[in-house]
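Below is one structure, written out as structure tokens, with a few remarks after it.
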Amino acid sequence: MAKERAQRRAEREREIAARAADRSARAARAARRQALIGRLRGLFPAGRSRPTGVLAARRRARNRVLLAVAGLVQIAAWFLGRSFAISALVLVFTLLTGPVLSRLLFDR
């Protein structure tokens, strides 16, 4: 009976030691990964955050609308024209009329 208890206790201690070794190995890998990430981030300058606020959000929404309209025009031209030349001309036309369209749609 005592031998069985001692054997079970030794087995539990081995399992606990194995789990601890596994945890320490995982922690060491995570520490190495974080150190590598820190070194790599140090090589590049920090990015600038985009402007926040009501006006910036409104401008982003307007730009999304213009981009969606331009994309739809390009897709329609591609489906209707089926020619590279027509698609290229529509692209140039869209790029040239983008600021005008922006003024007409969004300027008060």
Worksheet item: Given the rule that I, L, V, M, F, W and Y join up when any side-chain heavy atoms are under 4.5 Å apart, are Phe44 and Leu36 in one cluster?
Response: yes
Worksheet item: Side-chain heavy atoms under 4.5 angstrom apart, residues restricted to Ile, Leu, Val, Met, Phe, Trp, Tyr: same cluster for Leu80 and Ile75?
Response: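 Hydrophobic grouping puts Leu80 apart from Ile75.
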Worksheet item: Should Phe106 and Val65 be marked as a side chain to side chain contact (heavy atoms under 4.5 Å, CB included) after you check the CA-CA gap, both sets of side-chain angles, and the distance that decides it?
Response: CA-CA 10 Å; Phe106 302 121; Val65 168; 3.9 Å; yes
Fill in: Glu15, CD: over 12 other non-hydrogen atoms inside 6.0 angstrom
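For Glu15, atom CD is crowded (more than 12 foreign heavy atoms under 6.0 Å).
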Worksheet entry | side-chain contact (heavy atoms from CB on, under 4.5 Å) partners for Arg48, two or more places apart | none
Worksheet, complete the sentence: Hits for salt bridge (charged side-chain N to carboxylate O under 4.0 Å, His left out) against Glu4, two or more places apart or cross-chain, chain-then-number order -> none
Using 0.5 Å steps for rounding, measure from the [atom1] atom of [X] to the [atom2] atom of [Y].
X: Gln34; Y: Ile37; atom1: CD; atom2: CD1; value: 4.5 Å
X: Arg12; Y: Arg5; atom1: CZ; atom2: CZ; value: 10.5 Å
X: Leu104; Y: Thr97; atom1: CG; atom2: OG1; value: 10.0 Å
X: Leu96; Y: Leu101; atom1: CG; atom2: CG; value: 12.5 Å

Practice prompt. Determine, step by step, whether Leu43 and Leu40 satisfy the side chain to side chain contact (heavy atoms under 4.5 Å, CB included) criterion, reporting the C-alpha distance in whole Å, the side-chain angles of both residues, the deciding distance to 0.1 Å, and the verdict.
Written response: CA-CA 5 Å; Leu43 295 176; Leu40 289 176; 4.1 Å; yes
Worksheet entry | Which atom of Arg59 lies closest to which atom of Pro51, heavy atoms considered | NH2-CG, 4.1 Å
Worksheet item: Which pairs pass side chain to side chain donor-acceptor pair (under 3.5 Å) with one or both residues in residues 72-93, sequence neighbours excluded?
Response: Gln74-Thr94
Item to complete: Check whether any side-chain heavy atom of Arg58 lies under 4.5 Å from a side-chain heavy atom of Val54, and answer yes or no.
Response: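 Yes, side chains in contact.
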Item to complete: Might you work through the side chain to side chain contact (heavy atoms under 4.5 Å, CB included) test for Leu105 and Leu66, ending with a clear yes or no?
Response: CA-CA 9 Å; Leu105 289 178; Leu66 282 175; 4.3 Å; yes
